[in-house]
Amino acid sequence: MIVILKKDAAKQDVDNFIDSIKQRGLGVHVVVGVDQTIVGLLGDTSKLTREDFLANEIVDSAERVSAPYKMASRAFHPENSVVIVGGGQSGVNPVAIGDGKSVPIIAGPCSVENEEQIMEAAIAVKKAGAKLLRGGAYKPRTSPYSFQGMGKVGIELLEKAKKETGLPICTELMSINELPFFSNVDMIQVGARNFQNFDLLKELGKSKKPILLKRGLSGTIEELLMSAEYIMANGNENVILCERGIRYYDNYTRNCLDLSAVPYIHKVSHLPIVIDPSHACGLRWMVPVLSQSAVAAGADALEIEVHCHPEKALSDASQQLTPAQFEELMSKLRKYAAIEGKTL
């Protein structure tokens, strides 16, 4: 349930109203806008009615929210959320995701393989215009015999690349036990296989770091938003959603990119949404057209895999662009973004 307060409500009256709600055993989420203050009620509100609040002179209106996700709902938070990645660090360029003015590109190799490889890739993607560096230190792989990443050493190499380029870094967390190694990671990625690892999501809710939450292989939009709710309900509102393709009946691409997720999520949620075209198709030649389509659909950012020598890559070699291909793509994306009145 949400309660909208009158614009001229006195602060003391608002505080008293919020206290009265908390005394009912409910949580409160307050959004102060330019024209109105919205008080979201968290918990079991089934026994409450609109009339329970309308009698209060500072209440303008009250309505029940039908969606099972509350904090992620646009009803609770009408204005778009803007998540700042990499802010407050010397030598690191902060990046805004969801500001409606830009489409930042998160780029880099699928996996961190060695220092030379990640440094070369970081310099290349920055030169082409990427605003964040991605790279897998821990890699969830279908086969136990495939390259599993460099772990803690991989994160240390990402930190070196950040220091060299000023790009905030994004890498995937697979286990709560690894979380202490992520203190200098600017954005923590939750992969598709972990998007309903609720213990992990709760723990990330205790952090203030931006979380890039990927949709599961067969996850619905509602399930994705409910997973975001786990993080937000535990205290961390810096959540960015990611559509990376879902399983379907054909197999000519690795997954099926659901671009309809972008406008739908923008309608029902205030959270930013990123498109990952690389994992969606698994085919290098298809990444550019999916990237252009994502910008046209209104994506708030893109995550694209780039490797200086993809033929030697230890993971996902077929979907990673070369620096030259990435630079060419960035040139095209700038034109698409300009049509939407945005920059990269």
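Only heavy atoms go into these numbers, but all of them, side chains included; no hydrogens, no water, no symmetry mates.
- The CZ atom of Arg244 sits 5.0 Å away from the CG atom of Leu217 when rounded to the nearest 0.5 Å.
- Considering every non-hydrogen atom in both Pro310 and Arg284, the closest pair reads CB-NH2, 3.5 Å.
- Looking at every heavy atom in both residues, Leu213 comes nearest to Ile231 through CD2-CD1, 4.4 Å.
- Using a 4.5 Å cut-off between side-chain heavy atoms of Ile, Leu, Val, Met, Phe, Trp and Tyr, with links allowed through other members, Leu132 and Leu321 fall into different hydrophobic clusters.
- Using modelled atom types, no side-chain atom of Asn238 and backbone atom of Ile84 make a donor-acceptor pair closer than 3.5 Å.
- Counting only residues at least two apart or on different chains, no ring pair (Phe, Tyr, Trp, His ring centres under 6.0 Å) pair has a member in residues 11-46.
- Between Leu329 and Pro288, the closest heavy-atom pair is CD1-CA, 3.7 Å.
- From Met187, atom CE reaches atom CG of Leu133 across 10.5 Å, with rounding to the nearest 0.5 Å.
- For the 3.5 Å distance criterion, the side chains of Asn16 and Gln12 qualify, holding a donor opposite an acceptor.
- By the rule that hydrophobic residues join a cluster once side-chain heavy atoms approach within less than 4.5 Å of another member, Ile275 and Val306 end up as members of one cluster.
- Gln319 contributes atom CD, which lies 6.0 Å from atom SG of Cys110 (distance to the nearest 0.5 angstrom).
- Put simply, NZ on Lys127 and CD on Glu327 are 6.0 Å apart, with the number rounded to the nearest 0.5 Å.
- The number of heavy-atom neighbours closer than 6.0 Å to CD of Glu51, taken from other residues, nucleotides and ligands shown, is above 12.
- For the residue pair Asp186 / Gln89, a side-chain donor-acceptor distance below 3.5 Å is found, with atom types taken as modelled.
- Of the possible polar contacts, one joining the Asp52 side chain to the Thr49 backbone as a donor-acceptor pair under 3.5 Å is found.
- Between the Ser143 side chain and the Tyr145 main chain, a donor and an acceptor come within less than 3.5 Å of each other.
- Judged by distance alone, the side chain of Glu172 and the main-chain N or O of Lys139 form no donor-acceptor pair under 3.5 Å.
- Looking at Lys214, Arg215, Arg134 one by one, the single match for salt bridge (charged side-chain N to carboxylate O under 4.0 Å, His left out) with Asp276 turns out to be Lys214.
- Applying the ring pair (Phe, Tyr, Trp, His ring centres under 6.0 Å) definition to pairs two or more places apart or across chains, none involves residues 297-333.
- Using a 4.5 Å cut-off between side-chain heavy atoms of Ile, Leu, Val, Met, Phe, Trp and Tyr, with links allowed through other members, Val289 and Val262 fall into the same hydrophobic cluster.
- Formation of a donor-acceptor pair under 3.5 Å by the Glu164 side chain with backbone atoms of Met119 is not found in this model.
- Within a 6.0 Å radius of CD in Glu311, other residues, nucleotides and ligands contribute more than 12 heavy atoms.
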Exercise for the section: Determine, stepwise, if the pair Thr171 / Phe182 fulfils side-chain contact (heavy atoms from CB on, under 4.5 Å). Expected result: CA-CA 9 Å; Thr171 191; Phe182 282 66; 3.5 Å; yes
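- Contacts classified as ring pair (Phe, Tyr, Trp, His ring centres under 6.0 Å) and involving residues 256-306 (residues at least two apart or in different chains) are given here: His77-His270.
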Problem - Stepwise side-chain contact (heavy atoms from CB on, under 4.5 Å) test for Ser318 and Arg254 - result: CA-CA 11 Å; Ser318 63; Arg254 180 174 180 175; over 6 Å; no
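- Applying the side chain to side chain donor-acceptor pair (under 3.5 Å) test to residues at least two apart or on different chains, the pairs with a partner in residues 335-344 are Gln292-Tyr336.
- Atoms NZ and OG, on Lys6 and Ser61 in that order, are 10.5 Å from each other to the nearest 0.5 Å.
- Checking side-chain atoms of Arg50 against main-chain N and O of Ala62 turns up a donor-acceptor pair under 3.5 Å.
- A distance of 8.5 Å separates CD1 of Ile188 from CG of Leu200, quoted to the nearest 0.5 Å.
- Residues Thr253 and Asn255 share a closest heavy-atom pair of OG1-O, 2.6 Å.
- Neither Leu212 nor Val295 shares a network with the other; the hydrophobic side chains, linked directly or stepwise wherever heavy atoms of I, L, V, M, F, W or Y lie under 4.5 Å apart, form separate groups for each.
- Applying the side-chain hydrogen bond (donor to acceptor under 3.5 Å, both in side chains) criterion to Ser183, with sequence neighbours excluded, gives no partner residue.
- Using modelled atom types, one finds no donor on one side chain facing an acceptor on the other under 3.5 Å when comparing Ser175 with Glu178.
- Between Lys206 and Glu203, at least one side-chain nitrogen of the basic residue sits less than 4.0 Å from a carboxylate oxygen of the acidic one, meeting the salt-bridge criterion.
- Cluster annotation: Leu302 is connected to Leu290 through the hydrophobic network of ILVMFWY side chains, with a link wherever side-chain heavy atoms come within less than 4.5 Å.
- When every heavy atom of Phe76 is checked against every heavy atom of Gly40, the shortest pair comes out as CE2-CA, 3.4 Å.
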Exercise for the section: Carefully, step by step, assess Asn93 and Lys131 under the rule side-chain contact (heavy atoms from CB on, under 4.5 Å). Expected result: CA-CA 8 Å; Asn93 302 316; Lys131 294 296 190 294; over 6 Å; no
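- With Lys202 contributing its side chain and Asn234 its backbone, the two residues share no donor-acceptor pair below 3.5 Å.
- Shortest non-hydrogen contact noted between Gln117 and Ser111 is NE2-O, 2.9 Å.
- With Glu229 contributing its side chain and Met71 its backbone, the two residues share a donor-acceptor pair below 3.5 Å.
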Practice task
Apply the test side-chain contact (heavy atoms from CB on, under 4.5 Å) to residues Ser278 and Asp316: give CA-CA distance (whole Å), side-chain angles for both, the deciding distance (0.1 Å), then the verdict.
Solution key: CA-CA 9 Å; Ser278 301; Asp316 291 347; over 6 Å; no
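- Applying the salt bridge (Lys or Arg N to Asp or Glu O under 4.0 Å) test to every pair with at least one member in residues 59-79, sequence neighbours left out, gives no pairs at all.
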